[in-house]
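Heads up: the structure comes next, in structure tokens.
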Amino acid sequence: MDIKTKIAGLKLKNPTILASGILGVSRSSLQNVVKNGAGACVIKSISLEERAGHKAPNMITFEAGMMNAVGYSNPGVEEAKKEFTKLKELDAPIIASIIGKDENEFAQMAEKLLPGEFSAVEVVLSCPHTPGYGTMAGQNSPENTEKITRAVRKKTKLPIFIKISPDSNPIGEVAKAAEAGGADGITAVNTMGPGMIIDIQTGQPILHFKVGGVSGPALRPIAVRCIYDIYKAVKIPIIGCGGVTYGSDALQMLMAGARAVEIGTGIYYRGSDIFHKVNKEISEFMTQKKYVGLNDIIGLTHKLEE
Amino acid sequence: MDIKTKIAGLKLKNPTILASGILGVSRSSLQNVVKNGAGACVIKSISLEERAGHKAPNMITFEAGMMNAVGYSNPGVEEAKKEFTKLKELDAPIIASIIGKDENEFAQMAEKLLPGEFSAVEVVLSCPHTPGYGTMAGQNSPENTEKITRAVRKKTKLPIFIKISPDSNPIGEVAKAAEAGGADGITAVNTMGPGMIIDIQTGQPILHFKVGGVSGPALRPIAVRCIYDIYKAVKIPIIGCGGVTYGSDALQMLMAGARAVEIGTGIYYRGSDIFHKVNKEISEFMTQKKYVGLNDIIGLTHKLEE
Amino acid sequence: MENALGKIEQPISLPIVEIVEETATVKTFFFKKEFDSQPGQFVIMWIPRVDEKPFSVSYDDHGRLGLSIANVGPFTKNLFNKKVGDLVGLRGPYGSWFKLKNNFKRILLVGGGYGVAPLAFLAQRAVKQKITVDFCNGARTKSLLLFKKRLTDYKVNLHISTDDGSDGIKGTVIDATNDCLGKNTYDAVYICGPELMEKKIIDLCAEKNLECRVSIERYMKCGFGICGQCCLDGSGERMCLEGPVVSGKYALKHKEFGAYHRGKSGRKEYYK
Amino acid sequence: MENALGKIEQPISLPIVEIVEETATVKTFFFKKEFDSQPGQFVIMWIPRVDEKPFSVSYDDHGRLGLSIANVGPFTKNLFNKKVGDLVGLRGPYGSWFKLKNNFKRILLVGGGYGVAPLAFLAQRAVKQKITVDFCNGARTKSLLLFKKRLTDYKVNLHISTDDGSDGIKGTVIDATNDCLGKNTYDAVYICGPELMEKKIIDLCAEKNLECRVSIERYMKCGFGICGQCCLDGSGERMCLEGPVVSGKYALKHKEFGAYHRGKSGRKEYYK
Ligand SMILES: Cc1cc2nc3c(=O)[nH]c(=O)nc-3n(C[C@H](O)[C@H](O)[C@H](O)COP(=O)(O)OP(=O)(O)OC[C@H]3O[C@@H](n4cnc5c(N)ncnc54)[C@H](O)[C@@H]3O)c2cc1C
Ligand SMILES: Cc1cc2nc3c(=O)[nH]c(=O)nc-3n(C[C@H](O)[C@H](O)[C@H](O)COP(=O)(O)OP(=O)(O)OC[C@H]3O[C@@H](n4cnc5c(N)ncnc54)[C@H](O)[C@@H]3O)c2cc1C
Ligand SMILES: Cc1cc2nc3c(=O)[nH]c(=O)nc-3n(C[C@H](O)[C@H](O)[C@H](O)COP(=O)(O)O)c2cc1C
Ligand SMILES: Cc1cc2nc3c(=O)[nH]c(=O)nc-3n(C[C@H](O)[C@H](O)[C@H](O)COP(=O)(O)O)c2cc1C
Ligand code: FES
Ligand code: FES
């Protein structure tokens with residue numbers, strides 16, 4: 001069964017993409033993920049300067065998903081340039097992920113990191129647990145979204161995906177702002193919340209940052225609704241993200257309008273070969289329903305409304 | 001173990017309260033819930049006119065919780081007056097729940113429904129899936145929250161609890177607005193999202209309204225964080241709500257600053273006697289930790305920061 | 001689908017594999033899927049973008065589920081226009097059921113309207129258990145009579161009554177029931193039909209203090225005990241979970257039974 | 001805590017039940033809880049509002065878990081100030097472990113620094129299995145020597161080396177290992193200590209093509225295979241999941257091994 005897909009000119013042999021911040025710290029780990037079936041990979045988000053991130057605990061799981069407050073630990077753009085080389089030799093497109101405190105930092109990041117190696121860039125405006133970045137800095141407002149997108153657009157010809165927050169309200173407006181700023185696609189969504197889990201024995205929040213973004217199954221129905229709303233709002237393609245654990249989750253996102261899906265927390269539940277597994281589940285479904293390609297199901301839920 | 005609590009003058013023999021819209025349609029069902037251990041009950045929300053609500057499916061569950069789009073079905077205030085009589089004969093305080101399209105409707109509801117029977121009123125500004133009400137009507141903005149609270153305050157001397165949305169941003173501002181408007185407490189929180197679940201066999205959203213509010217375990221960490229934030233923002237007491245399934249969930253909310261917790265979806269997982277079960281689990285924990293009363297743990301997480 | 005958080009209540013979309021016209025107003029819709037339900041339990045059917053409604057199981061064997069449905073309003077009208085192969089969603093089974101004790105020798109089943117469906121399912125189980133079954137099956141007229149052939153095949157003692165005498169005795173299912181109660185002794189009586197008829201039969205059994213079980217239909221939304229739409233005044237218990245099948249004694253304890261039920265908004269609707 | 005969504009990775013707060021001063025720099029902290037871990041596996045310890053760090057299991061029997069910890073920085077310093085009864089959080093066990101084959105007759109264990117801890121745990125298991133154990137235990141000086149008494153109690157052949165000759169032979173654990181490898185034949189060699197020392201021992205084993213297993217410590221955050229902080233350059237595999245215990249061959253395949261490791265930000269830090 002052919003399950004290849006195309007997003008903003010990017011050709012993927014299958015619709016599964018490694019989400020940013022899961023594995024993706026080194027070239028080798030990307031290579032290992034590609035070996036496990038990913039159609040593309042997004043690297044861990046990179047900032048201008050090195051960041052240690054929050055102290056640990058940085059991640060915990062609970063009965064409905066996962067929570068994290070990593071705080072954008074990364075070696076900074078110079079180290080990243082040394083780390084991410086010969087990416088074109090890998091069997092799948094590698095997408096950069098950049099963060100910044102304002103449009104200027106984002107612009108510098110695009111200038112410094114992107115040339116040469118990467119196939120596209122994800123611009124992250126949506127982390128809910130890092131002061132100075134994402135939703136904590138209001139980067140998810142339509143105004144800031146458009147401003148930052150424009151700044152990055154000026155510095156690169158690569159496809160730009162704006163990664164937005166499920167807590168953007170109304171999310172369609174944020175997507176429109178990204179489109180207006182020159183984005184080639186939307187990644188929906190980043191973690192939600194933040195949430196808090198307290199250890200009742202000590203009364204202490206478990207995450208060192210106290211709160212963290214919620215990912216995994218708890219996020220999935222919200223992510224599917226975000227994709228559905230964004231599909232109605234903009235023409236540029238959507239990459240779904242949030243709680244994809246099984247093929248059926250990915251299929252829901254495709255039907256809601258996504259052209260591909262990112263997978264992060266799912267690796268915890270099903271191992272790094274989750275990409276192979278989800279692709280197999282998608283193929284089996286397509287065969288059973290006699291679909292010939294993903295275009296038969298991308299946006300299907302909307303087509304049924306016509 | 002004594003686990004009684006007090007909120008805005010309301011004396012509860014235990015901190016578990018039936019959440020609005022779960023059971024609570026009739027006096028008999030309230031009586032049955034009280035028999036099952038609830039320290040108090042909130043009735044299903046009532047509007048001026050009868051409402052059929054959305055078509056079914058109105059509720060579905062998924063691996064991380066529940067989604068609903070009931071759409072405020074209720075017989076209207078006149079029928080409700082006939083239904084909810086002799087409430088003082090019940091073994092626990094009964095809290096009214098009112099909804100309206102604007103402050104005038106809320107004021108009329110307070111005037112018509114409250115006199116005589118009820119011990120307090122919950123004013124709901126936070127339903128994410130009913131056009132004209134809650135977040136779909138912007139009732140969760142600080143301005144509207146204060147306006148509506150004021151209007152209800154003028155019409156009743158009963159304790160007023162403003163039920164807010166986890167998607168209010170920043171939630172502390174909304175709580176402050178309620179406090180400024182004369183609220184006696186905050187109920188945090190209503191369902192989040194909305195979310196969407198698509199049946200991949202047909203490509204159709206399962207809920208008839210397509211989207212619905214997410215409750216249950218998926219919501220719990222978000223609810224705990226909301227309670228934590230609200231506790232920092234206001235002086236009036238907080239009733240926690242969202243994903244309480246076990247005693248440990250209730251304890252997390254108490255430590256985050258709630259004085260009592262509402263339970264809805266938990267009934268699905270543990271039966272209508274979940275109130276007895278959660279109370280037992282709380283008592284056992286208090287005994288093990290040698291606490292003498294809930295005041296030892298209410299707000300504990302904040303006290304540890306001093 | 002099961003997980004630690006409990007059963008996942010989502011409709012499973014299934015194609016209709018067969019449609020049988022039973023009477024002028026009732027069709028049976030068959031699906032290929034094992035539900036292992038019990039007689040008296042119900043499933044909830046979803047027609048996307050139309051609605052979702054509860055229906056008792058009429059057949060459930062060899063991985064085939066059959067629902068016998070009367071065309072009474074918007075949802076059922078839409079369903080009656082569906083063809084074999086069309087997809088509808090099903091979830092369940094839900095609720096309590098008609099139980100048979102091992103020592104039962106002879107039982108009486110009293111059905112009216114589509115209430116005959118779950119009782120036919122029960123009759124099939126009872127006969128398998130070598131219990132003698134008397135079945136009072138009433139309808140307004142012959143053309144509305146449900147499952148005459150099916151019940152004959154099961155070899156139950158069929159007591160047919162029609163208001164116009166077009167089949168069986170001329171009269172109501174109450175008269176037929178009276179006859180049976182006069183002639184024979186029963187270990188238990190099982191009742192499913194219009195609520196006022198159910199009430200009358202329970203009263204008859206009460207006089208003879210005969211154990212009887214009855215199915216109480218209330219407005220259902222969730223089917224899993226959350227929405228409270230199906231709670232009975234009195235106990236406040238949920239007919240989707242503690243019911244729909246209850247004892248006659250239990251039913252009579254509720255002033256609501258035979259008097260009124262609640263509609264979609266929760267407003268009371270009185271029986272005439 | 002288990003559920004269908006998988007193990008729930010949250011620290012369990014436990015009181016410290018005993019603290020033993022092993023050397024000038026190492027203390028063992030005991031907890032009452034069954035972790036049924038294997039030698040070489042690790043747990044992650046949480047000190048609220050301080051940090052969370054990984055530590056190999058040193059003892060795990062009769063429902064008692066022991067962690068032997070060197071005071072090297074902020075977290076361990078904070079821990080060293082804790083008293084019996086204080087609560088810390090623990091989660092795990094995580095990772096691969098030192099396996100013993102049933103047909104093993106004699107094995108060599110080579111430990112340096114706190115690396116002696118997991119190997120002592122392994123020695124205990126091996127002796128139970130009637131395997132002859134040679135244990136090369138090296139330290140800079142006598143006062144830093146870990147588990148001399150514990151290993152003697154286990155009745156292993158203890159080969160002590162100190163740089164200053166204050167105990168055992170004067171020299172490094174490499175010298176002691178060379179001796180053993182010269183004198184005896186082993187079914188396998190198990191190595192845990194400073195990475196440069198580990199590398200040298202693996203090279204020795206390689207010359208004699210002796211099967212050996214080594215524990216590779218990398219910076220860990222999640223411990224359950226999500227964050228990618230612990231991935232080795234080359235295979236890109238996770239030392240919290242596919243490791244920390246790997247074969248010597250596997251270790252040598254990775255140019256990173258013995259050369260550098262990554263810090264908290266992911267930046268490379270080279271070994272001197
Ligand atoms: C436990 C149970 C078992 C049932 N078994 C059968 C069966 O085997 N065969 C059959 O034909 N019908 C059965 N019904 C009734 C069936 O649910 C209704 O006929 C159907 O919902 C009618 O929907 P409609 O839109 O076609 O008609 P409407 O005009 O919407 O309703 C017609 C009648 O059905 C009742 N009804 C409507 N919606 C519901 C609901 N959600 N829950 C309960 N009652 C409702 C109304 O009170 C009204 O009296 C059962 C009902 C219950 C509660
Ligand atoms: C699998 C494994 C098993 C270990 N077993 C033991 C043991 O049994 N006994 C023991 O004393 N130590 C053990 N360690 C090392 C222990 O984790 C560090 O000593 C501890 O984290 C130091 O923290 P600190 O704040 O006190 O010192 P820091 O100054 O923060 O760090 C000192 C050194 O510890 C390393 N380190 C710091 N944080 C981490 C981390 N999160 N993950 C891995 N390394 C880190 C640093 O690279 C640095 O070299 C183990 C590490 C790993 C990965
Ligand atoms: C441990 C962890 C670290 C993450 N780090 C980043 C990051 O650096 N940049 C980013 O854009 N998203 C980051 N995310 C968010 C994920 O990319 C993804 O948007 C989110 O987890 C939802 O998808 P999932 O449910 O499949 O994990 C992180 C998520 C997790 C769990
Ligand atoms: C089926 C259902 C119906 C609900 N109806 C109402 C309602 O009428 N009014 C209201 O304020 N909240 C309503 N809610 C929200 C709950 O009161 C509660 O705030 C939410 O479900 C989170 O708590 P829980 O996770 O314990 O269910 C409803 C929730 C559910 C699941
Ligand atoms: S139908 Fe919802 S509780 Fe019975
Ligand atoms: S520590 Fe996170 S992947 Fe290994």
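All heavy atoms count here, side chains included; hydrogens, waters and symmetry mates do not. Order of the sequence lines fixes the chain letters, A, B, ..., with proteins taken first and strands second; residue numbering starts at 1 for each chain.
In this structure, chain C has a heavy atom under 4.5 Å from the backbone of B/Thr265, while its side chain stays farther away. Within the 4.5 angstrom heavy-atom criterion, no atom of C/Leu241 approaches chain B. Both the backbone and the side chain of B/Lys210 come within contact range of chain C, judged by heavy atoms closer than 4.5 Å. For chain B, the nearby parts of C/Lys268 are the backbone and the side chain; heavy atoms of each come within less than 4.5 Å.
Heavy-atom pairs under 4.5 Å with chain B peak, among C/Gly236, C/Gly263, C/Ser265, at C/Ser265. Between chain C and the options B/Gln204, B/Gln201, B/Met59, heavy-atom pairs under 4.5 Å are most frequent for B/Gln204. Your options are B/Ile206, B/Val70, B/Ile60, and the one with the most heavy-atom pairs under 4.5 Å with chain C is B/Ile206. Interface remark: of the candidates B/Ile197, B/Asp199, B/Asn68, B/Asp199 forms the most heavy-atom pairs closer than 4.5 Å to chain C. For chain C, the option among B/Ser26, B/Gly24, B/Ala56 with the highest count of heavy-atom pairs below 4.5 Å is B/Ala56. Counting heavy-atom pairs under 4.5 Å between each of C/Arg91, C/Lys264, C/Gln229 and chain B puts C/Lys264 at the top. Your options are B/Ser272, B/Gly21, B/Pro205, and the one with the most heavy-atom pairs under 4.5 Å with chain C is B/Pro205. Between chain B and the residues C/Cys231, C/Ser13, C/Cys230, the most heavy-atom pairs under 4.5 angstrom are made by C/Ser13. Across B/Pro57, B/Ser29, B/Gly53, B/Gly216, the residue that shares the most heavy-atom pairs under 4.5 angstrom with chain C is B/Pro57.
Between the side chains of C/Asn71 and C/Thr25, no donor N or O sits under 3.5 Å from an acceptor N or O. In summary, the side chains of B/Asn190 and B/Ser165 do not present any donor paired with an acceptor at a separation below 3.5 Å, with no hydrogens or angles considered. Looking only at atom types and distance, the side chain of C/Thr28 has a donor-acceptor partner in the side chain of C/Ser68 under 3.5 Å away. Remark: the C/Ser235 side chain and the C/Tyr250 side chain contain an N/O donor-acceptor pair separated by less than 3.5 Å. Side-chain contact annotation: C/Glu9 with C/Tyr94, donor-acceptor N/O pair under 3.5 Å present. No donor-acceptor contact under 3.5 angstrom links the side chains of B/Glu122 and B/Ser97, judged on distance only.
The structure places CE of B/Met67 at 11.5 Å from CG of B/Asn58, a figure rounded to the nearest 0.5 Å. Between the OG1 atom of B/Thr202 and the CG atom of C/Leu87 there is a distance of 7.0 Å, given to the nearest 0.5 Å. Remark: C/Arg262 CZ to C/Leu232 CG distance equals 9.5 Å, nearest 0.5 Å.
Other residues, nucleotides and ligands contribute more than 12 heavy atoms inside 6.0 Å of the NZ atom of B/Lys88.
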Practice prompt. Run the numbers on B/Lys101 and B/Glu105 for salt bridge (charged side-chain N to carboxylate O under 4.0 Å, His left out), then give the verdict.
Written response: CA-CA 6 Å; B/Lys101 285 203 161 65; B/Glu105 279 198 22; 5.1 Å; no
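A distance-only check finds a donor-acceptor pair linking the side chain of C/Ser96 to the backbone of C/Gly243 [under 3.5 Å].
Of all residues in residues 213-228 of chain C, those placing a non-hydrogen atom less than 4.5 angstrom from a non-hydrogen atom of chain B are C/Lys221, C/Cys222, C/Phe224, C/Gly225, C/Ile226, C/Cys227, C/Gly228.
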